[in-house]
Amino acid sequence: MTPKICVVTGATSGIGWALSQALARQGHRLVLVGRSPEKLQHAEKLLRNSTLFANEKQIITFVADLSRLREVEQLARSIQEKCEHVDVLIHNAGVLPIKLIHTEDGLEQSFVVNHLAPLLLNHHLRSLLIASQPARIVQVSAGIYVKGKINLPGDPYGTNFSPFGTYATSKLWNVCSCLWWAEQLAGTGVTINAVHPGVVRTNLGAMSGIKGWLLDIVKRFWLTPEQGIRGPMHLALAPELELRTGAYFHHEKEIPLDPKTADPEMRAKIIETSYQLAKIRV
Ligand SMILES: NC(=O)c1ccc[n+]([C@@H]2O[C@H](COP(=O)([O-])OP(=O)(O)OC[C@H]3O[C@@H](n4cnc5c(N)ncnc54)[C@H](OP(=O)(O)O)[C@@H]3O)[C@@H](O)[C@H]2O)c1
């Protein structure tokens with residue numbers, strides 16, 4: 001397979017880190033995005049030391065806190081400046097919020113990281129992706145999106161916050177956004193699909209105290225990150241998915257979308273609301 005340039009967000013932990021290693025092993029060029037400079041440097045060093053990379057050009061890293069809109073925009077600018085093209089953009093960074101946290105933009109944290117940040121990156125990188133065609137956008141989603149609420153104008157400030165409810169809604173809005181993008185990008189050679197990776201033993205939803213201790217015990221029975229990347233890797237690279245777009249996968253199997261996502265007018269309203277919150281004119 002011709003080496004591809006793959007952007008991976010949330011590359012420093014869990015599924016993103018396992019994805020980065022697997023892509024490197026197959027000889028692809030990596031653009032790793034992480035919020036912690038230290039963790040990102042460590043990841044880069046491990047990859048380089050593992051002799052997976054033959055030369056400097058094969059790995060680039062960008063620090064960006066995807067809960068901050070200005071850093072998302074800066075990340076898009078940096079990718080445009082440093083990458084001649086992007087073959088695969090993997091939106092993997094995500095947060096299961098165990099408490100209500102407001103970002104510097106006044107929005108609920110998981111709403112921004114899970115939904116607004118991928119939307120804004122698609123918006124700003126649209127031309128680069130089209131110029132790179134065939135290109136793929138892979139959205140690491142979560143099966144719990146079916147429990148989310150549309151309830152326009154939504155709850156971007158976390159007024160009715162609950163950890164799993166807020167997480168599910170952010171993922172539902174994100175799936176609707178993927179479908180909207182699939183329509184916008186139809187015929188451009190850029191595809192976008194979403195995938196539930198399974199229930200995977202990562203840092204997602206990590207907490208301290210007795211609850212954290214119990215969660216760590218339960219996690220022993222979950223998939224390893226290496227098992228959890230099967231679906232995202234399939235969406236990123238499988239030749240048979242070259243033209244598939246606007247679909248939802250459970251691991252490597254395409255499954256029907258929840259009827260909540262079916263109304264195109266509602267999806268357009270979600271995008272309109274999201275663009276307003278991000279202060280972007282459509
Ligand atoms: N684990 C599961 O069972 C499961 C199930 C369904 C879906 N998912 C989805 O899988 C994706 C990966 O999660 P994971 O399970 O691998 O969890 P994880 O180990 O917690 O990894 C999440 C990644 O996202 C990054 N991240 C979080 N907030 C960020 C921010 N504000 N800015 C930039 N990066 C940020 C984290 O950075 P740090 O390394 O700095 O923490 C980390 O690299 C998520 O989208 C999640 O919703 C996971």
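Order of listing sets the numbers, starting from 1, for every ligand and every atom in it. Excluded from the calculations below are hydrogen atoms, water molecules and symmetry mates; all remaining heavy atoms, backbone and side chain alike, are included.
- The distance criterion of under 3.5 Å between nitrogen or oxygen atoms is met by Leu204 with respect to ligand 1.
- Each of the atoms 23 (C), 24 (O), 25 (C), 43 (O) of ligand 1 lies under 4.0 Å from some heavy atom of Gly10.
- Between Lys39 and ligand 1, a contact under 3.5 Å exists for at least one N or O pair.
- Contact check for His115 versus Trp173: side-chain heavy atoms found under the 4.5 Å cut-off.
- Pairing each heavy atom of Thr202 with each of Lys219, the nearest pair is O-NZ, 2.5 Å.
- For Gln109, the closest heavy-atom approach to ligand 1 does not fall below 4.0 Å.
- Only the side chain of Lys171 comes within 4.0 Å of ligand 1, judged by heavy-atom distances.
- Between Leu235 and Glu252, the closest side-chain pair of non-hydrogen atoms is not below 4.5 Å.
- At under 3.5 Å, not a single nitrogen or oxygen of Ala142, backbone or side chain, sits near a nitrogen or oxygen of ligand 1.
- No donor-acceptor pair under 3.5 Å is formed between the side chain of Thr245 and the backbone N or O of Ala182.
- When only interatomic distances are considered, the shortest N/O to N/O separation between Ser36 and ligand 1 does not fall below 3.5 Å.
- If you check each of Ile15, Asn92, Leu223, Val72 against atom 11 (C) of ligand 1, the one with the closest non-hydrogen atom is Asn92.
- The proximity of Thr12 to ligand 1, defined as any non-hydrogen pair under 4.0 Å, involves the side chain as well as the backbone.
- Residues Asn122 and His91 bring a donor and an acceptor atom of their side chains to less than 3.5 Å of each other.
- Close to ligand 1: Tyr167, with a non-hydrogen atom less than 4.0 angstrom away.
- In this structure, Pro225 falls outside the shell of residues with a heavy atom less than 4.0 angstrom from ligand 1.
- The closest approach between Ser141 and ligand 1 falls below 4.0 Å for a heavy atom of the residue.
- With a heavy-atom cut-off of 4.0 Å, His196 touches ligand 1 through its side chain alone.
- Contact check for Cys6 versus Arg29: no side-chain heavy atoms found under the 4.5 Å cut-off.
- Between Gln74 and Arg70, the closest side-chain pair of non-hydrogen atoms is not below 4.5 Å.
- The two residues Pro97 and Ser110 make their nearest non-hydrogen contact at CG-OG, 3.5 Å.
- Look at Ala206 and you'll find every heavy atom at least 4.0 Å from all atoms of ligand 1.
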*asked:* If you apply the rule side-chain hydrogen bond (donor to acceptor under 3.5 Å, both in side chains), what do you find for His123 with Tyr275, and how did you get there?
replied: CA-CA 10 Å; His123 173 81; Tyr275 271 46; 2.9 Å; yes

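- Near Ala64, meaning under 4.0 Å from one of its heavy atoms, ligand 1 places the atoms 32 (N), 33 (C).
- Checked by distance only, ligand 1 and Gly34 stay at 3.5 Å or farther apart across all their nitrogen or oxygen atoms.
- Within 6.0 Å of atom CD in Glu240, more than 12 heavy atoms from other residues, nucleotides or ligands are found, so the atom counts as buried in its surroundings.
- Taking only non-hydrogen atoms, the option from Asp65, Ile90, Leu96 nearest to atom 31 (N) of ligand 1 is Asp65.
- Between Leu46 and Trp17, the closest side-chain pair of non-hydrogen atoms falls below 4.5 Å.
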